[in-house]
Amino acid sequence: MKEPGAWGIEVLLFEHGRKREAGPIAISSRAALRIETPTETERATWEAIQRREWNVALQTVYPARRDSPYFPYLAIWFATENPLQKAHVLGEALARHPSSPVAPWLRFSLAYYYAAVSQSVFSADRDIEKAVEYADLARRELLRLKQSPDLWVSSKASERLQELPDREHYVERRKAFDKANMRRR
């Protein structure tokens, strides 16, 4: 790890097989990189991250210190079998840190968990209204991502939107289940 301070970073591209003395064939724009020493309250989190103890790191910021800048990076490590609880933690990380560099990743994850809850609710209870409600929450996150200026994020969101079930999908599945149940009787 570099020492704290202001740094610059750039990428130099060399042609394979060409002598390095000939110089790079391309150089990226210089990007600013600022390395800060963790504050005393963030030290335990930083040390856990350095040891790759993600759950320990998360426990240092959640739920007591959700305003920590580490929270959006660690929210995905919230361990639970319940996708709705996971979605709640991810949503809270987004609400508290909407400009985080990992916000698009959190939105994709949030959409995934809402879609999982949608499928689960329908499979367990055949509840079309609840299934559509959660699918719509996933759709809302993906629509936000579709508006991204980042072309990859926008195209991936568009792709996932097409895969997301809607009311018609659940109505058709319900009809198929009802028809199959009628034949069994």
Side-chain angles (χ1 to χ4, degrees), residues 1-2 7 9 11 28 31-39 41-124 129-167 169-170:
M1 179 175 99
K2 287 284 191 185
W7 298 85
I9 186 170
V11 176
S28 72
L33 175 65
R34 180 156 185 80
I35 299 175
E36 298 177 3
T37 303
T39 63
T41 54
E42 301 292 354
R43 188 171 309 286
T45 307
W46 179 246
E47 289 171 356
I49 290 169
Q50 293 300 299
R51 293 188 308 269
R52 299 183 188 279
E53 295 174 352
W54 310 116
N55 288 323
V56 172
L58 175 62
Q59 290 169 5
T60 67
V61 298
Y62 186 80
R65 292 185 21 256
R66 292 172 284 205
D67 289 329
S68 166
Y70 292 116
F71 181 42
Y73 293 91
L74 297 169
I76 199 69
W77 293 99
F78 181 74
T80 180
E81 295 284 324
N82 184 331
L84 199 50
Q85 284 180 321
K86 185 81 160 195
H88 174 75
V89 173
L90 296 172
E92 189 168 358
L94 274 165
R96 290 179 180 267
H97 305 275
S99 300
S100 170
V102 296
W105 177 61
L106 290 174
R107 286 202 188 286
F108 276 119
S109 298
L110 186 55
Y112 169 83
Y113 285 104
Y114 279 143
V117 172
S118 173
Q119 295 285 346
S120 177
V121 164
F122 183 79
S123 295
E129 296 309 313
K130 277 286 189 198
V132 170
E133 177 185 334
Y134 288 113
D136 285 347
L137 289 172
R139 189 170 285 102
R140 181 185 70 194
E141 296 303 326
L142 292 171
L143 285 170
R144 284 182 182 162
L145 290 164
K146 187 177 176 182
Q147 302 304 315
S148 171
D150 182 309
L151 188 57
W152 184 89
V153 169
S154 179
S155 65
K156 186 55 86 174
S158 293
E159 177 183 309
R160 292 199 178 159
L161 272 165
Q162 292 176 2
E163 300 166 358
L164 202 59
D166 58 7
R167 177 177 298 283
H169 168 82
Y170 285 122

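For reference, positions follow the sequence shown, starting with 1. Fair warning: this is a prediction, and the values are worked out from it, not measured in the lab.
- Between the side chain of Ser118 and the backbone N or O of Tyr114 there is no donor-acceptor pair closer than 3.5 Å.
- Between Arg65 and Thr45, the closest side-chain pair of non-hydrogen atoms falls below 4.5 Å.
- Counting only distance, with no hydrogens or angles, the side chain of Arg96 and the backbone of Pro69 share no donor-acceptor pair below 3.5 Å.
- Side-chain N or O atoms of Arg144 include none that pairs as donor or acceptor with a backbone N or O of Arg107 at under 3.5 Å.
- Across all their heavy atoms, Arg139 and Pro165 have their closest contact at NH2-O, 2.9 Å.
- The closest donor-acceptor contact from the side chain of Arg66 to the backbone of Pro63 lies under 3.5 Å.
- You'll find the side chain of Tyr70 reaches within 4.5 Å of the side chain of Pro38, heavy atoms only.
- Remark: Thr37 OG1 to Arg43 CZ distance equals 7.5 Å, nearest 0.5 Å.
- Using modelled atom types, no side-chain atom of Ser154 and backbone atom of Asp150 make a donor-acceptor pair closer than 3.5 Å.
- Taking the six-membered ring where tryptophan is involved, the planes of Phe71 and His97 are perpendicular, since the angle between them exceeds 60° and thus also 30°.
- Of the possible polar contacts, none joining the Ser123 side chain to the Ser120 backbone as a donor-acceptor pair under 3.5 Å is found.
- Using a 4.5 Å cut-off on side-chain heavy atoms (C-beta onward), Trp54 and Leu74 make contact.
- Taking CZ of Phe108 as the start and CD of Glu141 as the end, the distance is 10.5 Å to the nearest 0.5 Å.
- Here Ser148 contributes atom OG and Leu143 contributes atom CG; the two are 13.0 Å apart, rounded to the nearest 0.5 Å.
- The number of heavy-atom neighbours closer than 6.0 Å to CZ of Arg51, taken from other residues, nucleotides and ligands shown, is above 12.
- Minimum interatomic distance between Val102 and Pro72 (heavy atoms only, all atoms of both residues): CG2-O, 3.7 Å.
- Residues Asp166 and His169 have side chains in contact (heavy-atom distance under 4.5 Å, counting atoms from C-beta outward).
- Smallest separation of non-hydrogen atoms from Leu164 and Ala135: CD2-O, 3.4 Å.
- Using a 4.5 Å cut-off on side-chain heavy atoms (C-beta onward), Leu94 and Leu90 make no contact.
- Lys86 places a side-chain N or O within donor-acceptor distance of the main-chain N or O of Ile76, the cut-off being under 3.5 Å.
- Between Leu58 atom CG and Ile49 atom CD1 the span is 10.0 Å, to the nearest 0.5 Å.
- Phe78 and Tyr62 have perpendicular rings, their planes meeting at more than 60° on a 0 to 90° scale where under 30° would count as parallel.
- Residues Ala87 and Leu110 share a closest heavy-atom pair of O-CD1, 3.2 Å.
- Proximity of Pro101 to Tyr73: side-chain heavy atoms (C-beta onward) are separated by under 4.5 Å at one or more points.
- In this structure, the separation between CZ on Arg167 and CD on Glu133 is 10.5 Å, given to the nearest 0.5 Å.
- The shortest non-hydrogen separation linking Leu106 to Ala93 is CD1-CB, 4.1 Å.
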* What do the steps show when you test Arg160 against Glu163 for salt bridge (charged side-chain N to carboxylate O under 4.0 Å, His left out), and what is the final call? -> CA-CA 5 Å; Arg160 292 199 178 159; Glu163 300 166 358; 5.3 Å; no
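- Looking at every heavy atom in both residues, Leu142 comes nearest to Ala157 through O-CB, 3.4 Å.
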